[in-house]
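Structure, as structure tokens:
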4 protein chains.
Amino acid sequence: MKEYILLIDTYDSTGLVYNVSKILFANHLNIEQNAEFVDKDTNKFFMRTVISGDVNCDLLLKELKEALPKESTIKLNQKSKKDIVILATKESHVLGDLLIRYIDGELDANIKAVIANHDYLKDLVEKFDIPFYCISAENMEREAHEDLIIEKIQEYNPELIVLAKYMRILTPKFVKAFPKKVLNIHHSFLPAFIGANPYKQAHHRGVKIIGATAHYVTDDLDEGPIIFQDVVNVDHTYSWQDMRRAGRNVEKVVLSNALQYLLEDRVFVYENKTVIL
Amino acid sequence: MKEYILLIDTYDSTGLVYNVSKILFANHLNIEQNAEFVDKDTNKFFMRTVISGDVNCDLLLKELKEALPKESTIKLNQKSKKDIVILATKESHVLGDLLIRYIDGELDANIKAVIANHDYLKDLVEKFDIPFYCISAENMEREAHEDLIIEKIQEYNPELIVLAKYMRILTPKFVKAFPKKVLNIHHSFLPAFIGANPYKQAHHRGVKIIGATAHYVTDDLDEGPIIFQDVVNVDHTYSWQDMRRAGRNVEKVVLSNALQYLLEDRVFVYENKTVIL
Amino acid sequence: MKEYILLIDTYDSTGLVYNVSKILFANHLNIEQNAEFVDKDTNKFFMRTVISGDVNCDLLLKELKEALPKESTIKLNQKSKKDIVILATKESHVLGDLLIRYIDGELDANIKAVIANHDYLKDLVEKFDIPFYCISAENMEREAHEDLIIEKIQEYNPELIVLAKYMRILTPKFVKAFPKKVLNIHHSFLPAFIGANPYKQAHHRGVKIIGATAHYVTDDLDEGPIIFQDVVNVDHTYSWQDMRRAGRNVEKVVLSNALQYLLEDRVFVYENKTVIL
Amino acid sequence: MKEYILLIDTYDSTGLVYNVSKILFANHLNIEQNAEFVDKDTNKFFMRTVISGDVNCDLLLKELKEALPKESTIKLNQKSKKDIVILATKESHVLGDLLIRYIDGELDANIKAVIANHDYLKDLVEKFDIPFYCISAENMEREAHEDLIIEKIQEYNPELIVLAKYMRILTPKFVKAFPKKVLNIHHSFLPAFIGANPYKQAHHRGVKIIGATAHYVTDDLDEGPIIFQDVVNVDHTYSWQDMRRAGRNVEKVVLSNALQYLLEDRVFVYENKTVIL
């Protein structure tokens, strides 16, 4: 039986769960999973329900819209693999991890293309029969280069864009072109070590733990809503290169976990934070 | 406004959430928090709902019982501090941690008494104006000693009994006297190192991580439903005493987190496992 | 047999280990533990050696000074409990943890006194028969208040001063009065969330992990050399108060581990970083 | 300048460090890194020294042998990439991780061949231009099949054999053929869940943390010396398949870290435990 994911983002009021469950019940739909969260500070209400049954999407959405407050955001996605496009630069550890998962069927996504600003990863990507595009930024204005990237991405119309260590700063135009669709892995435990060379910064500061952060990309560099973080212990024997080496294991696991959340439609965003249901 | 915690443990069927939320809505009650879980393997359904409003407990329970499947377990607890009795032996780290939280108001519980099979901790406990009872096991049969302990506990009629490194094995009689009410902290990452001297066992085996496990006590030693676990890294420089020292920090944090879950009525048990909602 | 800890901090050159071990051998001393570290970037050499035997301290230091480069720092401490003074404000979790360890003999230190800028913790401290001094900062200039604190500390001539959640900013005068002797616990994963209310900051930023940092106090607030850090996972359900609650467990474990390193003479400082041998 | 790794495994006695450092000094060799460990229980002494300079290996070993106790084990390896052979079955996550590191130059090893008992991974391995051999165990006695595997490995004379989720039990003959050369990744936090289907076991037991363990292979299944372990949190929402998915990230990181230790000659074994210097 087909499964659908119902996502509701609204303000809390009495009877929300009742109203939603009444409609699902009346439509003879089964609730396979259900999770809600109310943020007391902002009175926001989030609900993610996995339903199965003979769903008439248009009708169901119509009934829900009528029953819920006007300003509610309601989405109903059929469970399926999402199309993604990956951006990278030169490093292979995060990209490679995605590729290995992909060919083994462990990634709930279709990798439509990999785009990089260097050709260093071309051989690797093409081993996996995935289109690889090198769009060099050399001798180009930032905006002109980015326009080419945007154009290439749009050819594939992906549901998600994954920055797998894409080492260029994105402009607001890019962010606007793909709202809430761009996932980035930052190689530090944000908000520590924002900006360039976080491992060098971490080494200089003498921290005893380093980390990585997967977040949605917004206009503010390294300030987007955080989806997943993890850390690893280091000590004084680590050069910054050793930290980078240790950090790479964290980066790929963090990106992979965050991506999994997005592929399962589990992430809500509000006030620059995420709710993971 | 008073808050109540509604706990439902039943078998999954269509309309459960709908039926419960309908009754809450009809009684003009607000859902402050709500969480459900369905175990697909066993078809078990668990629901924990924090409600506020003018609750008529008897009426509400009656309506819920009528609406839910017959074999359902339904509980409705007013949010309040629970009475607990602590059992200990000689070690002070877990007990001390509870005492410090207690006097600072951070523990959502009333410590009614501490009972130990040695008098070593008497001074510590009495500093905090809590009744301390030493019930020595010397020259006594296990059952006779345990009967005295049971009797003393029953004087206080606690909602929970916390074994804060109580180093004696309990008989089925004890477990039966306080069903689903006894929380233990085991000084290993169960099911590794069941039984005596887990740190010595861990040292002998040469593990690189040690841990602690908080679990409900059942008839099978160290086999009860696990509530919380945590770990800490060790290496070859650790003697078994060093491991014990490092492990003590884990033990107290694990016990404390598990106890917090129990005090908040968040733990369901089925098939010797826990669901934490 | 008595044990001594030899600490050498110098610049790397050929034959250092040879020269030190030759002298120890010639003096019929046993090496119980030995660790070295060379920082390639700065060419700094650090060595910590636990020796046992019939040690003539003056003679040994003399011989070592002659054999090692002129600018070397050489210390020889007999293994023993250090005297410490604790500063606190109102929170009891870190202080309480130290007190419980102290009376159980698990802390390798003598707590000589607790000084606080409020009297809130007086009852707790006096339960443990430790002098408690409330030096209120009310209606006083920062410097005048701090002078009183310094004076009180100096009465006890401690080897270490432990800030167990002492919530006032120290002036350079304080730092100068007790160089490399002041240990602080900061309630964030530094360098994230420097300054006031780190849990509120963390909640606002929507991080998925929070932490705590033990560091030496220097003139720059929250910028001193880091000794130990640890973290704990949080999620969107955590209010900032929940984060604080979860963080407290981390704070006390982090402070306790860092203090243990200091009590064992295992920490070297250079370039605002620590080497832990 | 060439670097060498000196490894000494002996019984502790006065003057060991002195004797070794004297010989290195007399030979005009620089100590780049040095670490020792003495196990008090067994009086064992371990030393790993990275030296640079104009090394005459035969002469240096001769001098060291004369200066150290007779039963000492002394090794002197030039720093270089080691040859490895990987054994696998069907799962690609650990193998894939090694392959990605390999082509990116991050693995300090030459992967000479991959041998599997199924042909499922053939395509993946051959993408990376590495010889792949499928040696099916179908319709064969265990010993006969293993003989073929041993023979194929011996063609490559590797310094290490990495079991990257090789799902067959090895006989003592195999272990004997490659003493202290076989690294395995076990998909549980040993000694918990020895044997088959550890994720199913973990799910059945209801643990809140799962892990993975990299260890040397010995005659006793899952009982070899542990080199590295790591864990990840799980909860009641995880099916055993979810646990396996989460565990895979841990498995590949654990195997990768353990392998790195072996490639850097940092692992000593004694009494079925490891010392990592």
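Letters go in sequence order (proteins before strands), and every chain restarts at 1.
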Derivation and outcome, side-chain contact (heavy atoms from CB on, under 4.5 Å), residues C:H236 and A:L277 = CA-CA 9 Å; C:H236 62 267; A:L277 293 182; 3.8 Å; yes

By a 4.5 Å heavy-atom criterion (distance strictly below it), what part of [X] contacts chain A: side chain, backbone, both, or neither?
X: C:Q201; result: neither
X: C:H215; result: neither
X: C:D41; result: side chain

Mind checking which of residues 173-196 of chain C sit less than 4.5 Å from chain A, heavy atom to heavy atom?
->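 If one takes a 4.5 Å heavy-atom cut-off, the residues of residues 173-196 of chain C near chain A are C:F189, C:L190, C:P191, C:A192, C:F193.
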
Does OH belonging to C:Y270 count more than 12 external heavy atoms closer than 6.0 Å?
-> yes

Within 6.0 angstrom of A:K81 NZ, more than 12 heavy atoms from elsewhere =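 Yes.
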
Please round to the nearest 0.5 Å and tell me the distance separating atom CD1 of C:I276 and atom OG1 of A:T237.
->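 Interatomic distance, C:I276 CD1 to A:T237 OG1, rounded to 0.5 Å: 11.5 Å.
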
What residue in C:G224, C:G211, C:A202 has the most heavy-atom pairs under 4.5 Å with chain A?
-> C:G224

Got a donor-acceptor contact below 3.5 angstrom from the A:K40 side chain to the C:S239 backbone?
-> no

Backbone N or O of C:T213 within a donor-acceptor pair of the A:K208 side chain at under 3.5 Å?
-> no

Looking at A:V231, A:N233, A:V207, which one has more heavy-atom pairs under 4.5 Å with chain C than the rest?
->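 Winner by heavy-atom pair count: A:V207.
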
Hey, which of A:I227, A:V38, A:D235 has the most heavy atom pairs under 4.5 Å with chain C?
->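 Ranked by heavy-atom pairs under 4.5 Å with chain C, first place is A:I227.
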
Intermediate values then yes/no, side-chain contact (heavy atoms from CB on, under 4.5 Å), A:R205 and C:K273 | CA-CA 7 Å; A:R205 180 64 186 89; C:K273 294 195 276 194; over 6 Å; no

